[in-house]
Number of protein chains: 2
Amino acid sequence: MTTIADVAERAGVSTATVSRVLNNSEKVTPQTKEKVDLAIEELGYNLKQVKQSEKNEITIRDVATEAGVSEATVSRVINNSARVTYQTKEKVTQAIDELNYSPNANARHLRRSETKLIGLVIPDIWNPFFGGIVRGVEDLARNNDYNVVLLNTSGLLARERKCINVLKDRRVDGLIYMGKTYDQQRIDLLSNCDFPIVIISREENEIDYPTVNIDNYQAAYDMTNYLIEEGYQKIAFIGGPEEDKTAGLKREKGYRQALADNELQFDFDLMVKGDFTLQSGYQGIAEILKQNIVPDAVFAANDEMAVGAMKYIREQGYSIPEDIAVAGFDNISLVDYVEPRLTTVVQPVYELGQTGIKTLLKLIKGEELEDNNIVLDYDIEVREST
Amino acid sequence: MTTIADVAERAGVSTATVSRVLNNSEKVTPQTKEKVDLAIEELGYNLKQVKQSEKNEITIRDVATEAGVSEATVSRVINNSARVTYQTKEKVTQAIDELNYSPNANARHLRRSETKLIGLVIPDIWNPFFGGIVRGVEDLARNNDYNVVLLNTSGLLARERKCINVLKDRRVDGLIYMGKTYDQQRIDLLSNCDFPIVIISREENEIDYPTVNIDNYQAAYDMTNYLIEEGYQKIAFIGGPEEDKTAGLKREKGYRQALADNELQFDFDLMVKGDFTLQSGYQGIAEILKQNIVPDAVFAANDEMAVGAMKYIREQGYSIPEDIAVAGFDNISLVDYVEPRLTTVVQPVYELGQTGIKTLLKLIKGEELEDNNIVLDYDIEVREST
DNA sequence: ATAAATAATGTAATGGTTTTCATACACCAG
DNA sequence: CTGGTGTATGAAAACCATTACATTATTTAT
């Protein structure tokens, strides 16, 4: 298509000048007018020309034409949104097949103002604990015609902020959020979203959104109790970091309460703080053993630390579980592979994910939640380490 | 907003009838008219009501009004797509802030006919091997303003088919595909897509799309060579399943060639087929040992099988690596946790992901690839198991 | 001061779909 | 067979942003 710009170039003047000539709006030298008029003629420029699309996506319009019906009818067939004669339906589906038409979801979503997209914000998919959750989320989401946009944050506030903005721009229908910490900044971040949000794997009292979780306190209590029943008396505990006011703290509390309820003295020397890494479990138990205190069992607030502890214990020549039993928390896949296999609290990761998305879908539909804080069952899987 | 349909429902007639009443276009029974009029009154229906959006999304139009400029100018500010006076820019950004405006990405993408969305099809995110890749993909994608739609297939053809269709509908700009197998059906599936595709972790000769991978043959060769150099002479191999004509086969070939090049006899009794699971590694080595053949080393085609083998070996009272050394392939996280830690081929998972997305972005931009099959470096990480 | 260029901004078409309102046709009861 | 209605369909207005093209302001050069 010829544009004013083309004419301008041909005539060797600016587009503004061409415009002036066309509209007689301002004075123009006769020579200039001459040049411009010539260019217009040469190029056959025509103000009223209609532009035609370059891109050749097959659209609902093409289908409509092919089937000899209106776009509306095609839409009705596609969405089953109204009764359509059998014949018409046939024609339409055939046209769709013939043209290999696939409806543009973006256009649909723009019109419908829903995107069938769920944001999934996670600190680290590499970690199988989260991997299991993601899988639960994705499976069930897709069964409900939603897709998942995955965003890995590494737990960094700046990245989380960006992620949330991206999700806002994309107008996701909802968000499943998992963070490392839940401080005021995160809460501000989330509260600024106008789509529903569900938090997985956090204690309910920290945060003001629906959560899906297990009862960390009770699980730790039960595990400790189990150890006591098995005859262990001197049970060490490797906890989470000082700052962790959430799951880690709950687990610690469960441990202490179980001791108390069994009339066992809580001993500060038997408790150390870790940071959920393998190393910290290793060092944690080392701290205790180096004081020449030898517990008969160690309960770590997560599996990584338990495995780290096992390593040190074995290095010191103790045998597991004969000298020192070890128990963990989470049931990450590696617990099955270590020697001896680790007794641990089984978190239902896949179900956590599924329940999270179920809850989110309810919120999206505007349904009321019976319970804002869903607590799933855990299991204690006894293996050879105790 | 009240629509004709609402009135029709209230009055218990069809919309057509309501229309007739409204326009006096055709005859209508007095009673019907009565009913309809009543309904109209009750619902306060007003033909001329300007329909206003129910959804009250803040749009670029609002920003334009607020800032006293045209929508085009707002767009220019947002996208930095043309020069705008400092003052105008100020006004616009201020309006954006004030209204807390966030541009609707779907509308943008519809117009631009690109979605900044990448499909990521994967057999199992739960598996840390894939988890690492996903992370590499997502990180780099986001740095380039792309988002990732994650689709977990469990390797099932039916699900893969659905996934691909979803991605087509969503008009993703590209796809990163990982599958368990690559048969004709998958190839058909992929070839039916009109966006660029990159395959991660597959041998180039199987498939006709750009791939990112390591050299499985060479890696297995090097590992075998390393074992031989360490003095092992009787090296067993636990391979992939019979059907696996890809990575597993390459690894086997590398193993055999290394033997040959070192003038070691290849011995069928020292080779078993597994299926990449822990159990199959356990059984595999059992098969060999039960024949009273005792190798001095075992090389498994992946880590899971290696760990399974370790387990059986230890159970039989052999010590690792003194009696039998063990080596694996992949470097999944658990290799660091087993006792002794496993010597293995390190696949650069994160880089595989990153390179995959890099390649895909090139394709999306329409750039030529220097190399259609990118081969990344691997490492051999020697630990205590050899 | 005038004519032209350049910079800044506006207008309106466009992207592909859904959905509301409107209507042609077919059916049914009297 | 005809008046009254429902059913199947069509036309056109949304949805929100981008962008091609046009135009108005502001410089620059003569």
Side-chain angles (χ1 to χ4, degrees), chain A residues 1-6 8 13-20 22-23 25-29 31-32 47 49-55 57-64 69-76 78-79 81-85 87-89 103-113 171, chain B residues 1 3-8 13-20 22-23 25-29 31-33 47 50-55 57-64 69-76 78-79 81-85 87-89 103-113 171:
Chain A
M1 195 186 92
T2 324
T3 73
I4 282 207
D6 299 327
V13 299
S14 73
T15 59
T17 303
V18 176
S19 179
R20 282 186 269 263
L22 286 167
N23 303 347
S25 54
E26 286 173 67
K27 286 208 168 172
V28 173
T29 10
Q31 294 104 307
T32 309
L47 190 57
Q49 57 200 319
V50 185
K51 183 189 346 189
Q52 67 231 25
S53 165
E54 322 234 312
K55 196 175 73 165
E57 181 167 335
I58 300 218
T59 74
I60 201 169
R61 156 167 266 134
D62 299 320
V63 176
V69 300
S70 72
E71 303 171 33
T73 301
V74 178
S75 175
R76 286 189 262 256
I78 293 171
N79 299 297
S81 56
R83 323 177 59 162
V84 172
T85 335
Q87 298 172 327
T88 313
K89 195 169 192 166
N104 185 319
N106 291 290
R108 166 179 297 164
H109 298 323
L110 173 59
R111 179 57 223 245
R112 287 215 177 131
S113 50
R171 302 291 193 273
Chain B
M1 193 188 91
T3 74
I4 284 208
D6 299 327
V7 176
V13 298
S14 72
T15 60
T17 304
V18 177
S19 180
R20 282 187 266 262
L22 286 168
N23 303 350
S25 53
E26 286 173 65
K27 287 212 165 171
V28 172
T29 8
Q31 296 106 306
T32 310
K33 182 167 162 45
L47 186 58
V50 182
K51 186 193 317 187
Q52 66 230 21
S53 165
E54 320 238 309
K55 194 177 67 164
E57 182 167 335
I58 301 218
T59 74
I60 201 171
R61 157 167 266 135
D62 301 318
V63 176
V69 299
S70 72
E71 301 171 36
T73 300
V74 177
S75 177
R76 287 189 261 257
I78 294 171
N79 298 297
S81 57
R83 324 175 59 161
V84 171
T85 339
Q87 297 171 328
T88 313
K89 196 169 193 165
N104 185 319
N106 290 293
R108 166 179 298 163
H109 298 324
L110 174 59
R111 179 58 225 251
R112 288 214 177 132
S113 50
R171 303 289 193 271

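Here is the naming used below: chain letters follow the sequence lines, and residue numbers restart at 1 for every chain.
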**Report entry** Closest nucleotide among C:dA22, C:dG15, D:dG10 to the B:A107 side chain
**Finding:** C:dG15
Query raised in the report: Base, sugar-phosphate, or nothing: which does A:T59 touch, judged by heavy atoms less than 4.0 Å apart?
Result: sugar-phosphate
Requested in this report: Using the closest heavy atom to pick a nucleotide of DNA chain C for each, name whichever of A:P103 or B:A72 lands nearer the 5' end.
Outcome: B:A72
Query raised in the report: Which is true for A:S75 with a 4.0 Å heavy-atom rule: it touches a base, it touches only sugar-phosphate, or it touches nothing?
Result: base
Requested in this report: Under 4.0 Å between any heavy atoms, over every strand shown, what does A:V18 touch: base, sugar-phosphate, or nothing? Just pick one.
Outcome: nothing
Requested in this report: Just call it for B:V74: base, sugar-phosphate, or nothing, with non-hydrogen atoms closer than 4.0 Å on any strand.
Outcome: nothing
Query raised in the report: Which part of the nucleic acid, if any, lies within reach of B:N79 when heavy atoms closer than 4.0 Å are counted: base, sugar-phosphate only, or nothing?
Result: sugar-phosphate
**Report entry** Non-neighbouring partners of B:R76 that pass salt bridge (Lys or Arg N to Asp or Glu O under 4.0 Å), sequence neighbours left out
**Finding:** none
Query raised in the report: Excluding sequence neighbours, so at least two apart, what forms salt bridge (Lys or Arg N to Asp or Glu O under 4.0 Å) with B:R171?
Result: A:E57
Query raised in the report: If you find the nucleotide of DNA chain C closest to A:R61 and the one closest to A:Q31, which residue's nucleotide is nearer the 5' end?
Result: A:Q31
Query raised in the report: How would you label the contact of B:T88 with the nucleic acid (heavy atoms, under 4.0 Å): base, sugar-phosphate, or nothing?
Result: sugar-phosphate
Name the pairs: protein N/O against N/O of nucleotides 24-30 of chain C, kept only if under 3.5 Å.
none

Query - Smallest separation among heavy atoms of B:T15 and B:A5, with atom names - result: CG2-CA, 3.8 Å
Query raised in the report: Which nucleotide sits closest to the side chain of B:R108: C:dA8, D:dT18, D:dA22?
Result: D:dT18
